[in-house]
Asks: 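Sharing a structure with you now.
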Amino acid sequence: MEQKNYLKVFCAAAFIAFAAVSCWATVESLHLLLSAKDSNIPVIFVWIITVGFFFIASWGSKMIVDSLNSHVYTENPGLKLLGGIFIMVIFWLIMSMPTNTHTFFYKDTIKDVAIRDLEKTNDYLRTLETDEIAMATIEHDWSVFETEVWGIYQEICNEVRNPARPGIAEYVENLMKKLDGKFGVEVGRVQPKTNNVKGWNEVLEVYRISIANLLERKKPEYIRRFIVITPEVKKKIQLHRKNISKVLGDIHKMSSINDQVMVNASTVLSESYGLINQYSDHLKFKDNDQQVYAGNTLSKTERMLSVWDVWMDFFDGKIARGKFVFWMIISILIDAAGFIFFDMAFKKEE
């Protein structure tokens, strides 16, 4: 009899130990979710609710065990079995197990996820700051424009030296009008001082210098017309990158996971995601990053703070399934151990 009492005390103590671990994991998960949502619910209330839910789930497991125990009398065993299953589904399968899995998975992976998320986001912001795609397009289009302009100038030179109709006459004027159209202004006309090769070459040199000057003046105007990232937007990008750099520094300094640092990281990233989304048409995304950034202001790091989003990402295959399943099994084993010790501590005697 005394041995049985010792066993019950041990089982009760073991139940409290496993319940403490399970309740801690649930509270951590809910606290992360509430922090991300800027909730002011005190953490003590979360603890009270969690402990109550775990005790009810444990009682539900006992109801199932008692209803299946043929060695002792149980009133309405079928009803108790259904009641126990219902309680386990509501308080364990929907509440305890998912949140515990989320906490263990979060603690194991969040630092690497946040660092990758911040570094990749910073790279895209850097690309936006320099407006690489717009500048590459501008350089290409400007190169084409310059080639066309100098091509017309070459036609003028060829026409002036055309042995069939040498000199500056009607055909040259028609080509000069093409240049006027390209620049949007009239290129100044010059009459040769002498109607010979020397005089014509002097005019061609004047035209060459005029074209070069017009191109030099037109390029800044051309760039301003097509540039996407204005100085105001650049300042905003630089501020985001400064915030990312600060949060990255805080993460690298962590010896253990600091939830507040991760909440700060998710806030900074969500703001940066919004900016990247706004200018997504002016970025060249790698792999499937367009699906991550374009049309989405919820960062990968922020999704890790939410038990719901993590489970949705698991079902969608967006997270490391192997690690997630491992922590899900650990979570189930911890809760199962707690339930078993509870059943043994409060076992019905024949």
Side-chain angles (χ1 to χ4, degrees), residues 7-37 39 41-68 80-81 83-111 256-260 262-263 303-315 319-347:
L7 180 61
K8 283 182 177 290
V9 170
F10 170 77
C11 290
F15 163 70
I16 292 171
F18 281 100
V21 173
S22 179
C23 289
W24 165 83
T26 298
V27 169
E28 282 287 299
S29 175
L30 295 177
H31 182 61
L32 279 172
L33 181 64
L34 294 173
S35 298
K37 304 296 181 185
S39 173
I41 298 176
V43 71
I44 186 64
F45 290 168
V46 181
W47 265 105
I48 292 169
I49 293 168
T50 301
V51 170
F53 280 6
F54 190 82
F55 183 81
I56 293 171
S58 301
W59 195 262
S61 73
K62 186 176 185 304
M63 289 172 65
I64 294 172
V65 171
D66 289 347
S67 68
L68 297 175
K80 276 199 171 182
L81 177 64
I85 292 172
F86 176 77
I87 288 172
M88 288 290 286
V89 168
I90 297 297
F91 292 94
W92 177 72
L93 191 61
I94 293 178
M95 180 68 178
S96 181
M97 192 275 289
T99 51
N100 292 4
T101 304
H102 168 235
T103 292
F104 296 136
F105 180 73
Y106 165 85
K107 295 287 186 185
D108 184 36
T109 60
I110 185 59
K111 186 172 182 178
S256 59
I257 301 302
N258 184 320
D259 293 338
Q260 188 55 55
M262 292 307 166
V263 170
R303 292 185 71 82
M304 285 288 291
L305 303 180
S306 166
V307 56
W308 172 263
D309 289 328
V310 167
W311 274 90
M312 290 301 99
D313 287 347
F314 167 69
F315 289 124
I319 59 176
R321 285 189 167 180
K323 277 191 176 183
F324 190 86
V325 170
F326 170 78
W327 288 116
M328 181 167 60
I329 292 170
I330 294 296
S331 175
I332 292 170
L333 290 176
I334 290 171
D335 286 344
F339 297 150
I340 290 169
F341 284 120
F342 182 87
D343 297 338
M344 292 176 68
F346 299 98
K347 184 179 180 181

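Numbers here simply count residues along the sequence, with the first being 1.
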Asks: Nearest 0.5 Å please: distance from the CD1 atom of I56 over to the OG atom of S96.
Replies: 12.0 Å
Asks: Please lay out, stage by stage, how F105 and T109 fare under the test side chain to side chain contact (heavy atoms under 4.5 Å, CB included).
Replies: CA-CA 6 Å; F105 180 73; T109 60; 3.7 Å; yes
Asks: What closest approach, in Å, do F315 and R321 show between heavy atoms, and which atom pair accounts for it?
Replies: O-NH2, 3.0 Å
Asks: Show your working on ring-ring contact (aromatic ring centres under 6.0 Å, His included) between F104 and F326 and close with a plain yes or no.
Replies: CA-CA 10 Å; F104 296 136; F326 170 78; 9.6 Å; no
Asks: Measure from the side-chain N and O atoms of S61 to the backbone N and O of S58, and report whether any donor-acceptor pair falls under 3.5 Å.
Replies: yes
Asks: Restricting to non-hydrogen atoms, name the atom on I319 and the atom on V310 that form the minimum distance, rounded to 0.1 Å.
Replies: CD1-O, 3.6 Å
Asks: Evaluate the side-chain proximity of L81 to M63: yes if any heavy-atom separation is below 4.5 Å, no if none is.
Replies: no
Asks: Tell me, please, which residues at least two apart from A345 pass side chain to side chain contact (heavy atoms under 4.5 Å, CB included).
Replies: C11, A12
Asks: Do L305 and L33 make a side-chain contact, defined as non-hydrogen atoms from C-beta onward lying under 4.5 Å apart?
Replies: no
Asks: Going by the rule salt bridge (Lys or Arg N to Asp or Glu O under 4.0 Å), which residues pair with K107 if we only count those two or more places apart in sequence or in a different chain?
Replies: E28, D259
Asks: Keeping W47 on the side-chain end and V27 on the backbone end, is there a donor-acceptor pair under 3.5 Å?
Replies: no
Asks: Below 3.5 Å, can you tabulate the donor-acceptor pairs from side chains in residues 86-95 to any protein atom, sequence neighbours excluded?
Replies:
residue	atom	partner	partner atom	Å
W92	NE1	D335	OD2	2.8

Asks: How many angstroms lie between atom CE of M262 and atom NZ of K111, to the nearest 0.5 angstrom?
Replies: 7.5 Å
Asks: Would you indicate whether the side-chain heavy atoms of I257 and I110 approach each other to under 4.5 Å?
Replies: yes
Asks: Any idea how F15 and F54 line up, ring-wise: parallel (<30°), tilted (30 to 60°), or perpendicular (>60°)?
Replies: parallel
Asks: Where do T101 and F314 land on the side chain to side chain contact (heavy atoms under 4.5 Å, CB included) test, with the steps shown first?
Replies: CA-CA 11 Å; T101 304; F314 167 69; over 6 Å; no
Asks: Of all heavy-atom pairs between M328 and M97, which one has the smallest distance, and what is that distance?
Replies: CG-SD, 4.0 Å
Asks: What's the spacing between F339 CZ and I332 CD1 if we round to 0.5 Å?
Replies: 10.5 Å
Asks: Check for a donor-acceptor pair, side chain of T103 on one end and backbone N or O of A25 on the other, with a separation under 3.5 Å.
Replies: yes
Asks: My understanding is that only residues two or more places apart in sequence, or in another chain, count here; which of them pass side chain to side chain contact (heavy atoms under 4.5 Å, CB included) with V65?
Replies: D343
Asks: When the ring planes of F18 and F341 are compared, do they come out parallel, tilted or perpendicular, using 30° and 60° as the limits?
Replies: parallel
Asks: Residues in side chain to side chain donor-acceptor pair (under 3.5 Å) with D108, at least two apart?
Replies: W327
Asks: Looking at S22 and N100, what are the two nearest heavy atoms and their distance?
Replies: OG-ND2, 2.8 Å
Asks: If you count heavy atoms of other groups shown closer than 6.0 angstrom to CH2 of W24, is the number above 12?
Replies: yes
Asks: If you measure from OG1 on T50 to CZ on F55, what distance do you get to the nearest 0.5 Å?
Replies: 15.0 Å
Asks: Under the criterion ring-ring contact (aromatic ring centres under 6.0 Å, His included), I'd like the reasoning laid out for F324 against W311: C-alpha separation, chi angles, the key distance, then a yes or no.
Replies: CA-CA 9 Å; F324 190 86; W311 274 90; 4.9 Å; yes
Asks: For the pair D313 and R303, find out whether any cationic side-chain nitrogen is under 4.0 Å from an anionic carboxylate oxygen.
Replies: yes
Asks: Kindly write out the residues that satisfy side chain to side chain donor-acceptor pair (under 3.5 Å) with S29, not counting sequence neighbours, or none if the list is empty.
Replies: H102
